[in-house]
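So the structure is just underneath, and the comments pick up after that.
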Protein chains: 4
Amino acid sequence: MKTKRQLQKEHTRKKIIETAYQIYSEQGFSATTAVIAKEAGVSHGTIFAHFSSLDELLCCLIQDFGDALGSEIHRLAETKDNIEELLKTHLDLLARHEKFYIRLIAERSLLPEDARLTFSNIQSIVAFHFNKAFERESSTIKDVPIPLLFNTWMGLVHYYLLNKDLFSPDTPVLERYGSKLTETFLELIKK
Amino acid sequence: MKTKRQLQKEHTRKKIIETAYQIYSEQGFSATTAVIAKEAGVSHGTIFAHFSSLDELLCCLIQDFGDALGSEIHRLAETKDNIEELLKTHLDLLARHEKFYIRLIAERSLLPEDARLTFSNIQSIVAFHFNKAFERESSTIKDVPIPLLFNTWMGLVHYYLLNKDLFSPDTPVLERYGSKLTETFLELIKK
Amino acid sequence: MKTKRQLQKEHTRKKIIETAYQIYSEQGFSATTAVIAKEAGVSHGTIFAHFSSLDELLCCLIQDFGDALGSEIHRLAETKDNIEELLKTHLDLLARHEKFYIRLIAERSLLPEDARLTFSNIQSIVAFHFNKAFERESSTIKDVPIPLLFNTWMGLVHYYLLNKDLFSPDTPVLERYGSKLTETFLELIKK
Amino acid sequence: MKTKRQLQKEHTRKKIIETAYQIYSEQGFSATTAVIAKEAGVSHGTIFAHFSSLDELLCCLIQDFGDALGSEIHRLAETKDNIEELLKTHLDLLARHEKFYIRLIAERSLLPEDARLTFSNIQSIVAFHFNKAFERESSTIKDVPIPLLFNTWMGLVHYYLLNKDLFSPDTPVLERYGSKLTETFLELIKK
DNA sequence: TATGAATGAGAGTTCATTCAT
DNA sequence: GATGAATGAACTCTCATTCAT
């Protein structure tokens with residue numbers, strides 16, 4: 001049983017994280033703490049009462065995002081037993097977080113070391129599930145080292161995400177090109 | 001016939017662009033104008049005597065880089081008549097500019113609109129040559145829309161470049177993984 | 001007869017004062033209220049439930065310290081009937097509070113007006129006892145106005161305390177130089 | 001031959017240092033860079049164009065002050081061949097910089113390491129001249145280790161300076177008490 | 001043309017203090 | 001009485017840009 005104040009604190013922290021998520025999604029990671037505070041409806045100092053520094057806020061945000069993504073992947077991947085399903089699931093998932101995910105991969109180099117590491121860990125969960133699926137279906141797919149298959153897929157997806165402004169400036173890229181990406185990839189890897 | 005002054009001016013401009021290229025390659029696009037000026041051996045103000053703003057410097061730099069890259073591609077692609085050669089040539093070219101190219105694709109979102117557009121134009125030159133080669137060899141490669149083939153290749157290469165710190169932190173990525181990338185891609189696209 | 005609540009309140013207040021004394025001794029008067037609260041095992045707000053402001057806490061702390069020091073001086077000085085004994089007693093007393101006393105004289109200018117005044121009052125108690133002793137032994141000491149004798153002594157002692165980092169960085173200064181200071185002073189004042 | 005701009009730059013730097021000297025003299029070392037900038041009639045950023053940080057400004061200021069004081073001491077001490085003259089000269093010198101000197105000794109513990117060290121060096125110049133004078137007149141003064149004689153003098157003077165608010169709140173302390181201090185000290189050290 | 005000193009808005013961060021619980 | 005989350009003004013420092021020289 002939590003006290004009212006604990007709930008209030010958690011609520012504020014959550015509000016900051018959620019607002020940061022929105023602001024970063026829209027403006028990128030160069031958005032300032034003052035903007036986040038204002039948008040979250042808290043004072044500027046409150047951010048630093050919850051996070052010791054901007055870097056820590058970033059880490060927590062990406063950690064939270066990564067955890068959510070990771071567990072979604074886990075849950076969804078369990079029920080899929082073939083590559084096609086897995087690819088679609090993967091894209092569905094990314095589509096749900098498209099804006100933020102794009103910022104993450106586009107501005108990765110600006111992020112503090114910790115945050116970058118956190119994001120790398122997410123990627124390895126995805127890799128794990130793909131590896132399993134690729135191995136299971138290895139008889140029907142081309143004889144290419146599995147990591148390279150995975151990286152080809154990731155590369156293709158990220159390429160479309162990173163170049164959203166060229167491919168699909170106004171609507172989500174994955175909505176528009178998702179099925180083409182899976183089709184293409186499946187066609188390429190099949191024997 | 002150019003006056004001495006005009007020559008001097010062009011020389012200074014070139015020096016700034018070249019230094020900016022070096023500095024951005026090493027430190028990324030968050031390097032300051034003061035650092036570039038110092039390294040170029042000119043005064044801080046001189047930068048703004050040649051470029052109306054930092055954004056313009058970036059545009060010109062990337063324009064120059066794009067032009068150089070574009071004409072190299074043109075020249076080299078002319079002599080190559082099959083996909084394999086073209087892929088290798090492409091990677092050789094990128095390898096020669098790896099550091100800067102990585103910064104360009106990694107920090108693209110920080111760049112001003114104009115600079116981003118300029119870079120996109122480079123890509124289309126590359127695409128043009130790939131299209132020709134793919135069409136020529138269409139009988140032996142899988143039945144996949146050519147743009148998607150091209151994007152798969154670009155995605156794969158960029159994925160390795162962007163994740164250089166994971167794949168090959170100390171040595172150039174393309175030196176280490178270049179041949180694996182071409183092999184894999186060729187294997188995937190062949191019928 | 002005090003209620004349980006009143007006792008509790010007094011206990012908390014005492015705890016804060018004592019902790020502040022320790023913290024200020026170690027870190028100086030730039031230590032924050034948050035640090036004091038944490039170390040005292042009370043909430044940050046509790047400090048302000050007992051003291052209307054940081055300045056008031058400082059005043060009370062120094063008041064308490066001054067009162068304690070003053071009564072100790074009184075008690076000890078009673079039994080001493082010559083200057084030599086008095087000097088030694090004075091140094092013994094300061095030695096017991098050396099760390100805090102140094103902070104007090106070193107960072108006096110940071111303290112609020114009230115706190116500074118409080119500290120001055122302590123000094124006058126010391127002065128009173130010295131005056132008595134000097135008068136009693138006036139026949140054997142040099143013909144110098146008593147206040148100046150007293151200030152010479154205080155100056156000498158404070159000089160060593162304030163420059164502890166030069167004279168004795170690792171061990172208490174008074175332990176190391178106390179006897180030299182009394183010897184010197186006695187030698188100087190004797191006819 | 002200096003260019004106009006070099007002169008302008010030196011002038012600004014000097015203006016900042018001088019203003020800082022004035023402001024610190026009046027308000028103590030907790031005065032902010034913004035206040036100094038405003039008072040000096042330059043923009044806030046200008047301070048950091050001349051000094052890489054607040055600490056560096058402090059160091060340069062104290063260095064300058066120390067150098068000036070040191071060379072004045074040297075020059076004046078040369079011509080004085082007895083202790084009495086030396087004491088008077090010393091006090092005259094301090095009197096000319098009384099306000100700043102008081103802040104320096106009163107808030108020494110707040111200063112960055114470097115600045116503290118710089119100040120210590122000044123002291124040793126003073127000590128050097130006193131040592132010489134004490135040695136020369138050793139036959140007529142009490143048999144007390146010279147360093148202790150020096151420290152007694154410094155202690156006495158600093159005690160009056162540090163407690164200016166008690167001894168002489170409105171007028172310079174040394175003007176009011178200077179001669180009493182020299183008289184007393186001379187009386188005490190004579191055999 | 002080239003210079004570089006000066007600018008000032010804006011960044012992240014700190015901390016004594018408040019007040020609903 | 002005690003709590004501690006929230007506050008916001010104030011701090012030092014950065015840097016693209018300007019303009020008198």
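Convention: sequence-line order gives letters A, B, ...; per-chain numbering from 1.
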Roughly, in whole Å, what's the span from CD in B:Glu10 to P in E:dA2? 11 Å
Separation of atom CD in C:Gln8 from atom C1' in F:dT3, rounded to whole Å: 13 Å
How long is the straight-line distance from OH of A:Tyr24 back to CD1 of A:Ile36, given to the nearest 0.5 Å? 3.5 Å
Using 30° and 60° as the class limits, which term best fits the ring planes of B:His97 and B:Tyr21: parallel, tilted or perpendicular? perpendicular
Taken to the nearest whole Å, NZ/C:Lys38 to C1'/E:dC15 is 15 Å
Using Watson-Crick pairs (N1 to N3, plus N6-O4 or O6-N4) and G-U wobble pairs, both distances under 3.5 Å, which stems of at least 3 pairs involve DNA chain F? E:2-21 with F:2-21
Looking at CD1 of B:Ile47 and OG1 of B:Thr33, how far apart are the two atoms once the value is rounded to the nearest 0.5 Å? 5.5 Å
In whole angstrom, what separates D:Leu110's CG from F:dT12's C1'? 16 Å
Distance, rounded to the nearest Å, where B:Lys15 contributes NZ and E:dT3 contributes P: 13 Å
If you look only at pairs with a residue in residues 35-59 of chain B, which of them pass as a salt bridge (charged side-chain N to carboxylate O under 4.0 Å, His left out), with sequence neighbours excluded? none
Does OP1 or OP2 of F:dG1 have a side-chain N or O of C:His11 closer than 4.0 Å? no
Here the gap from C:Glu98 atom CD to C:Ser25 atom OG, rounded to the nearest 0.5 Å, amounts to 10.5 Å
Roughly how far, to the nearest 0.5 Å, is CG of A:Asn163 from CD1 of A:Ile102? 9.5 Å
When you get a sec, tell me which of F:dA6, E:dA6, F:dG4 is the closest nucleotide to the side chain of A:Thr12? F:dA6
Below 4.0 angstrom from OP1 or OP2 of F:dT7, is there any side-chain N or O of A:Ser43? yes
Nearest-Å distance for atom pair CZ/C1', residues A:Phe51 and E:dT14: 18 Å
Along nucleotides 14-21 of chain F, 5' to 3', which nucleotides get a B, which get an S, and which get a -, given that the test is a protein heavy-atom distance under 4.0 Å? BSBBB--B
Euclidean distance, atom CD1 of residue B:Ile47 to atom P of E:dA2 [Å, nearest integer]: 12 Å
Do D:His11 and D:Lys14 have side chains that approach each other closer than 4.5 Å (heavy atoms only, starting at C-beta)? no
With a 4.5 Å cut-off on side-chain heavy atoms, are D:Leu110 and D:Ser30 touching? no
To the nearest 0.5 angstrom, please state how far the CG atom of D:Leu54 sits from the CZ atom of D:Phe48. 6.5 Å
If each of A:Val42 and C:Val42 is mapped to the nucleotide of DNA chain F with the nearest heavy atom, which maps nearer the 5' terminus, i.e. the 5' end? C:Val42
Rounded to whole Å, the CG-C1' distance (C:Leu58 to E:dA16) equals 12 Å
